Asker: 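Would you mind keeping the following structure in view while I ask a few things?
The chains referred to below are lettered A, B, ... by the order of the sequence lines, with proteins before strands, and numbering in each begins at 1. All values below were derived from every heavy atom in this structure, side-chain atoms included, with hydrogens, water molecules and symmetry-related copies excluded. Treat the numbers as computed from the prediction; the structure is a model and nothing was measured.
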There are 2 protein chains.
Amino acid sequence: MKPKKSVTIKDVARVAGVSAQTVSRVLNDRPDVSDETRQRIRGIIHELGYAPNIIARSLIQGRSNTIGVVGYGLGYYGPSRTLTGIERQANQLGYSLLLSLLRDPDTSTGESLLPNLLMRKVDGIIWAVPEIGEHRAALLETVRNIPVPIVFINMEPRPDLNVVAIDNFNAARKAVFHLLEQGYRKIGVITGPPTWWESRQREAGWRSAMQEAGFLSAHELEQLCVAGDWYPESGSRGLEELLTRNPSLEAVFAFNDPMALGVLKTAQRLGRRVPDDLAVVGFDDTPEADYFSPPLTTLRQPLIELGGQAVQLLHRLLTTPESPSTPEQIWLQSELVVRSSSISSR
Amino acid sequence: MKPKKSVTIKDVARVAGVSAQTVSRVLNDRPDVSDETRQRIRGIIHELGYAPNIIARSLIQGRSNTIGVVGYGLGYYGPSRTLTGIERQANQLGYSLLLSLLRDPDTSTGESLLPNLLMRKVDGIIWAVPEIGEHRAALLETVRNIPVPIVFINMEPRPDLNVVAIDNFNAARKAVFHLLEQGYRKIGVITGPPTWWESRQREAGWRSAMQEAGFLSAHELEQLCVAGDWYPESGSRGLEELLTRNPSLEAVFAFNDPMALGVLKTAQRLGRRVPDDLAVVGFDDTPEADYFSPPLTTLRQPLIELGGQAVQLLHRLLTTPESPSTPEQIWLQSELVVRSSSISSR
DNA sequence: ATAGCTTTCGTGAACGATAACGGATATTTC
DNA sequence: GAAATATCCGTTATCGTTCACGAAAGCTAT
């Protein structure tokens, strides 16, 4: 249990009887080392258990092979899966991840976390915080002065930003058209917090599909939209509210699975049978959704890929030589998973 | 959009007309700087927007204020909340987090991730991978040669390791005694994968409480124990299996909430009313548990605290001067949350 | 007034690696 | 056979910061 001062490149050099530079060349697979020397040094490296000090390397090279991730809401299904996708791809491309989590996205935009990441010289940043309320303006101003590339996840795309996002608008349309095809007309929604961009997009998608179908007036649509907070309880309350306003409600599209669970629960309590009296669709396809009563029709987002694409995009930005390439906006599509909560036998 | 070579300590020094060392002293709040100079330098730092390069600092100080976290299974409720707790406490104590996730804990112990963390000179490591199967031996051997302190989360405690763990044994006993008090006698369990330590501990707790109660023989207990895989589907199958073996089954203790959901679902399908014909208890207290039908009695683990305690312990190890202090083993208790799935009206 | 402290600050080296350059052999080219 | 080129490797400087040491100035005490 000695302090065990770690082996440096000089130790290797000394043992091998060469200069540190030569060892460095072997480490970085440079061509100008004889095969014999290379093998010998490799052997010594292994023997001594030497591992290069990445900190020292970063200092001189000016890059750290580290990506800063600013995230929020690991308690939710989406963010935690997205982070998994980020880690997987980063690991594969040889990046390490410096993780910062936002505690409360309503009171802080997380800009305070940026200096810390920058001091640690991350090569780039992935911003995986849901876009909420009016943070955007302040954030964008800050971001403009940041010396490393940033990729945003699930933020309203703009031509001057690099963004990877789920196409929530079209995902919602898919769900609504599915319900319409099943013969449901009065389709209400329980949204997420209206400050969240993702929720607003889904709502816009619902509205667009409903208008296209043309069965209901704009006024009627207003009556069919209530706000939730992503938690089951708000699904419960939401359904009650919707039914109070529209006793003839035929279907509910909840903007995540936990709220859909609340809807199912309350529907049961009120004696509305799903799907015959009331269809229910969720959003997320959590592992539990298939075991709700009845099994829940829901939208499966490519979350692992979402994270992966963000890393790939960042990697492209980091490796493309000096070109101030035009920012990319990447959309990913969700898949509707149809289960019995929306298949009427009428 | 200039490349904007970043400001260094020398730039600050030059503008202030002092040496870099003096600026360094101001940065580190050393006493030997006059108040006047200190204020002036502070002003210039702010003016220039200077931020110290932590990499350079780490290089000479030999510490990085970074904690390496090896985790697994962000898709599960437990691990993702634990990580949240880790990040929160680390952030508070001024550490950054270097995150590595294990892809498949069955085929790899994650030792391959260690060299990477060590090359990046993390000050310490938090091992937040569930203990599975026979990995332990190999892992411990590797760990012994690691030059930084490690704290293990939810691993079988041993006197020579620093461990923070949930007391799964007593948590399970709580659940079983609760069921016994409610008058249930034939209490079956659906475990997690038997290779997981957490699952084995819960099983041992169940067994211990059942033996203490003394209503059933050892043979009968065997018939009341089936293995699941943490997913709802295995809860479904588990219940069927239990009922086949024990038609007079009175209660089921599933070792996590998703499996309990599967149990509820299948109970309903088979026409067993919960809790009157069959009591159900879960483990985790996910936000959804209160919205199951009926609401689920379950165990709430202090997961945020689990992560927090791990960081605090590591911090203690890092700041205690040189003492090869004896390792600590910290147990955290879970709380039984009683809901209607286990409250019989009989 | 001299010795001794304190307070305040600077100098040079070091941390561990790589970049830039150059030097010494060996090999090719005409 | 001389010049040009390749091949292989070492020297020195550098990244941005802190450490160890010491020096100058002011103050106190005898």
Asker: How many Å lie between CD1 on B:Ile60 and C1' on C:dC15, as a whole number?
Answerer: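 Rounded to whole Å, this separation is 5 Å.
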Asker: Rounded to whole Å, how long is the line connecting atom CD1 of A:Ile9 with atom P of C:dA14?
Answerer: 18 Å
Asker: Rounded to the nearest angstrom, tell me the gap between atom CG in A:Asn65 and atom P in C:dA17.
Answerer: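 Between P of C:dA17 and CG of A:Asn65: 16 Å.
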Asker: If you look only at pairs with a residue in residues 91-125 of chain A, which of them pass as a ring pair (Phe, Tyr, Trp, His ring centres under 6.0 Å), with sequence neighbours excluded?
Answerer: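 Listed by first then second residue: A:Tyr95-A:His315.
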Asker: Need the bend value for the helix from C:dA1-D:dT30 to C:dC30-D:dG1: angle between end axes, 5 pairs each end, nearest 10°.
Answerer: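 The angle, to the nearest 10 degrees, is 40°.
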Asker: I'd like to check the salt bridge (Lys or Arg N to Asp or Glu O under 4.0 Å) partners of A:Arg14; sequence neighbours left out, ordered by chain and number.
Answerer: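 Only A:Asp11 meet the salt bridge (Lys or Arg N to Asp or Glu O under 4.0 Å) criterion with A:Arg14.
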Asker: Taking side chain to side chain contact (heavy atoms under 4.5 Å, CB included) as the test, write out the residues that go with A:Asp160, two or more places apart.
Answerer: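 Partners of A:Asp160 by the side chain to side chain contact (heavy atoms under 4.5 Å, CB included) criterion, ordered by chain and then number, come out as A:Arg144, A:Arg158.
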Asker: Apply salt bridge (Lys or Arg N to Asp or Glu O under 4.0 Å) to B:Arg25 and list each qualifying residue two or more places apart in sequence or on a separate chain.
Answerer: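 For B:Arg25 the salt bridge (Lys or Arg N to Asp or Glu O under 4.0 Å) partners, ignoring immediate neighbours, are B:Asp32.
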Asker: Just how far, in rounded Å, is P of D:dA6 from CZ of A:Arg30?
Answerer: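 Nearest whole value for this atom pair: 19 Å.
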Asker: Can you list, by residue number, the residues of residues 31-56 of chain A that have a non-hydrogen atom closer than 4.0 angstrom to DNA chain D?
Answerer: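 Within residues 31-56 of chain A, the residues near DNA chain D are A:Asp32, A:Val33, A:Ser34, A:Thr37.
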Asker: May I have all residue pairs that pass salt bridge (charged side-chain N to carboxylate O under 4.0 Å, His left out) and include part of residues 50-62 of chain A, sequence neighbours excluded?
Answerer: none
Asker: Using whole Å, report how far CG of A:Asn28 lies from P of C:dA20.
Answerer: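 In whole Å, C:dA20 P and A:Asn28 CG are 13 Å from each other.
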Asker: Write out all pairs satisfying salt bridge (charged side-chain N to carboxylate O under 4.0 Å, His left out) with one or both partners inside residues 58-74 of chain A, taking only residues at least two apart or from two chains.
Answerer: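 Residue pairs with at least one partner in residues 58-74 of chain A: A:Arg63-A:Asp123.
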Asker: Rounded to whole Å, please give me the gap between CZ in B:Arg63 and C1' in C:dG16.
Answerer: 19 Å
Asker: Evaluate the side-chain proximity of A:Ser96 to A:Ile67: yes if any heavy-atom separation is below 4.5 Å, no if none is.
Answerer: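 A:Ile67 vs A:Ser96: side chains apart.
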Asker: Does anything in residues 86-101 of chain A form a salt bridge (charged side-chain N to carboxylate O under 4.0 Å, His left out)? List the pairs, not counting sequence neighbours.
Answerer: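 Qualifying pairs: none.
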Asker: Using whole Å, report how far NZ of A:Lys10 lies from P of D:dT11.
Answerer: 13 Å
Asker: Side-chain donor-acceptor pair under 3.5 Å between B:Arg120 and B:Ser64, yes or no?
Answerer: no
Asker: Only pairs at least two apart or in different chains count here, so list each ring pair (Phe, Tyr, Trp, His ring centres under 6.0 Å) that has a residue in residues 22-44 of chain A.
Answerer: none
Asker: Contact list please: residues 13-27 of chain B against DNA chain C, heavy atoms, distance less than 4.0 Å, in numerical order.
Answerer: B:Gly17, B:Val18, B:Ser19, B:Gln21, B:Thr22, B:Arg25
Asker: For A:Arg30, which residues count as a salt bridge (Lys or Arg N to Asp or Glu O under 4.0 Å) partner, sequence neighbours excluded?
Answerer: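 Salt bridge (Lys or Arg N to Asp or Glu O under 4.0 Å) list for A:Arg30, sorted by chain: empty.
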